[in-house]
Amino acid sequence: MLCFGFLKRVVQTKELLSKQAVQTKEILSKQAVKIAKQAEEHERFINKVTHLVGVLGFGAFCFLLGARPQDVSYVYCLFFVTFVPLRWIYYRFKKWHYFLLDFCYYANTIFMVMLLFFPKNEKLFMVCFSFAEGPLAWALIVWRCSLVFSSVDKIVSVLIHLLPGIVFFTIRWWDPTTFEAMFPGGIARQRASWPYAEDSSYLWTWLFVVPLAAYTLWQLIYFLIVDVLRRQRLLRDPEVMTSYRELSKKAQKANNFWWRLSGLLGDNNRSVMYILLQAAFTVATMALTVPIFLSYKMHVTFQILKVSASIWNGGSFLLEVMPKQVVLKEKKKLEMKPLTTQPEQPLASSTDTTSTNNHHGSEEAIHSGTS
């Protein structure tokens with residue numbers, strides 16, 4: 001009887017904890033939606049503040065990079081623990097929260113662990129270097145991330161991919177406590193504790209083989225969560241976005257090379273083809289980290305390329321995309337406003353014609369925006 005009573009209390013406790021967990025999740029989700037809605041209502045003011053803080057922050061970061069490069073890693077950690085939770089709130093409202101399962105967040109979490117708990121671990125440093133200057137860095141260029149100071153979302157997207165590379169660049173070459181050990185041709189008795197390229201096999205093992213194994217682990221976890229555990233949830237709600245859904249949607253709309261390439265195995269196997277293409281991209285970019293790790297000049301050039309690409313894309317967005325978005329938003333607001341007076345018949349005819357022209361203008365703006 002005592003045993004039965006104990007088991008009963010255990011079951012009741014589990015049920016209570018389960019209910020509390022569900023209630024807590026619902027409360028957090030409601031608060032996330034509420035905060036995101038309030039942010040959208042004050043979008044223009046928030047964009048102005050963001051632009052001001054973004055420009056000042058960029059200048060302060062450049063100063064810190066030159067004055068105290070050893071402290072850049074702390075700035076990165078502060079950025080990650082502050083803005084990633086805020087991004088979850090915003091993405092939860094937009095139904096984009098599955099983006100936070102992407103490889104860049106998986107890699108950034110490993111960076112945080114390395115910098116905070118294992119800052120002198122040579123092998124983990126090299127794995128992180130491969131992630132930061134491999135898939136994350138090239139994603140910044142290939143997926144055209146835009147540095148737009150008036151958009152929190154775009155700033156965070158750029159920094160998630162750009163900051164880790166800068167952090168590991170400073171540790172590799174500029175950190176006063178370690179830079180004496182950064183030259184592969186150094187003499188053993190003069191070297192500091194880390195990081196040091198022992199030999200070619202050591203370099204390829206920790207900059208390519210081990211990072212590739214860690215990437216494969218992430219791919220399996222991602223597949224298990226998105227395509228197995230949460231499959232029915234995603235099928236029930238097509239508005240919930242994942243990386244595959246977003247990329248395939250854009251590629252199909254543009255009917256570009258990537259859409260045709262992803263269909264080589266048939267329409268039913270596009271997701272498999274997407275995984276294969278991503279794996280090929282990861283292998284190629286990780287292999288490129290080996291020469292970058294060995295050459296200071298190549299590494300500096302790569303940093304300039306990444307920053308230049310994000311600024312160039314930001315300029316393209318401000319001059320080409322944003323004006324069209326503003327026009328579309330204004331037209332939508334005008335269409336949503338109710339008519340307060342009943343116009344006369346001739347005016348009504350003219351109004352209908354104008355409304356029709358506006359509708360076609362919106363369609364043209366949408367098509368030009370997606371092309």
Side-chain angles (χ1 to χ4, degrees), residues 25 28-29 32 61 71-92 94 96-140 142-143 145 152-172 194-195 206-230 241-244 246 275 278-279 281-283 285-286 289 293 306:
K25 184 179 179 181
L28 289 174
S29 296
F61 180 79
D71 292 337
V72 169
S73 58
Y74 300 118
V75 174
Y76 161 74
C77 291
L78 179 63
F79 157 77
F80 188 80
V81 299
T82 303
F83 285 96
V84 170
L86 292 176
R87 169 163 274 205
W88 179 86
I89 292 173
Y90 179 66
Y91 276 19
R92 185 71 181 78
K94 288 284 191 179
W96 297 347
H97 47 288
Y98 283 94
F99 285 142
L100 271 68
L101 295 173
D102 287 353
F103 179 75
C104 55
Y105 296 96
Y106 169 82
N108 273 272
T109 303
I110 295 175
F111 300 158
M112 285 284 294
V113 172
M114 180 261 162
L115 292 170
L116 293 176
F117 302 108
F118 306 101
K120 295 296 181 181
N121 189 307
E122 178 181 341
K123 294 174 181 177
L124 185 56
F125 168 80
M126 296 179 78
V127 171
C128 292
F129 184 96
S130 179
F131 286 166
E133 297 296 50
L136 264 68
W138 286 100
L140 185 76
V142 173
W143 305 125
C145 294
V152 176
D153 188 50
K154 290 193 175 296
I155 290 174
V156 174
S157 293
V158 169
L159 294 183
I160 282 286
H161 295 86
L162 180 64
L163 262 186
I166 295 176
V167 170
F168 293 112
F169 170 84
T170 58
I171 295 173
R172 177 74 176 93
W194 72 285
W206 293 102
L207 283 175
F208 183 74
V209 177
V210 175
L212 200 58
Y215 165 82
T216 305
L217 175 63
W218 164 80
Q219 187 67 80
L220 291 172
I221 295 171
Y222 184 89
F223 179 81
L224 178 65
I225 295 173
V226 174
D227 291 327
V228 179
L229 298 178
R230 306 298 290 173
M241 277 293 128
T242 63
S243 292
Y244 169 69
E246 177 71 9
I275 292 173
Q278 190 176 19
F281 170 81
T282 303
V283 169
T285 55
M286 282 184 177
T289 61
F293 186 84
K306 290 188 295 180

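Each residue takes its place number in the sequence, starting with 1.
Relative orientation of the Phe168 and Phe125 rings is perpendicular, given thresholds of 30° and 60° on the angle between their planes. Aromatic ring orientation, Phe111 versus Phe131: tilted (interplanar angle from 30° to 60°).
Between Ser157 and Tyr91, the shortest heavy-atom contact is OG-OH, 4.4 Å. Across all their heavy atoms, Phe208 and Val283 have their closest contact at CE1-O, 3.4 Å. Shown here for Pro211 and Met286, the closest heavy-atom pair between the two residues is O-CE, 3.6 Å. Nearest approach of Thr282 to Leu212, heavy atoms of both residues: CG2-CD1, 4.3 Å. Across all their heavy atoms, Thr289 and Leu207 have their closest contact at OG1-O, 3.6 Å. In terms of heavy-atom proximity, Cys145 sits nearest to Ala139 at SG-O, 4.3 Å.
Distance check, rounded to the nearest 0.5 Å: CZ of Phe99 to CH2 of Trp88 gives 16.0 Å. Note that OG1 of Thr242 is 13.0 Å distant from CZ of Arg230, once rounded to the nearest 0.5 Å. Atom CD1 of residue Ile89 and atom CZ of residue Arg92 lie 11.5 Å apart, to the nearest 0.5 angstrom. Atom CD1 of Ile166 is separated from atom CG of Leu159 by 8.0 Å, given to the nearest 0.5 angstrom. Going from atom CG of Leu124 over to atom CD of Glu122 covers 11.0 Å, rounded to the nearest 0.5 Å. Separation of atoms CD (Gln278) and CG (Asp102) is listed at 7.5 Å; rounding is to 0.5 Å.
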For this session: Before giving the answer on side-chain contact (heavy atoms from CB on, under 4.5 Å), spell out for Val167 and Leu115 the whole-Å C-alpha distance, their side-chain angles and the decisive distance to 0.1 Å.
Result: CA-CA 10 Å; Val167 170; Leu115 292 170; 4.1 Å; yes
For this session: Run the numbers on Met241 and Tyr98 for side-chain contact (heavy atoms from CB on, under 4.5 Å), then give the verdict.
Result: CA-CA 7 Å; Met241 277 293 128; Tyr98 283 94; over 6 Å; no
For this session: Show your working on side-chain contact (heavy atoms from CB on, under 4.5 Å) between Leu217 and Tyr106 and close with a plain yes or no.
Result: CA-CA 10 Å; Leu217 175 63; Tyr106 169 82; 3.9 Å; yes
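A side chain to side chain donor-acceptor pair (under 3.5 Å) check over residues 72-86, counting only residues at least two apart or in different chains, returns the pairs Tyr76-Asn108.
Between Phe61 and Val72, the closest side-chain pair of non-hydrogen atoms falls below 4.5 Å. Contact check for Phe293 versus Met126: side-chain heavy atoms found under the 4.5 Å cut-off.
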Scan the side chains in residues 218-228 for donor-acceptor partners under 3.5 Å anywhere in the protein, sequence neighbours excluded, and list what turns up.
residue, atom, partner, partner atom, Å
Trp218, NE1, Leu101, O, 2.9
Gln219, OE1, Tyr215, OH, 3.2

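Residues meeting the side chain to side chain contact (heavy atoms under 4.5 Å, CB included) test with Val156, sequence neighbours left out: Phe79, Phe83, Arg87, Val152, Ile160.
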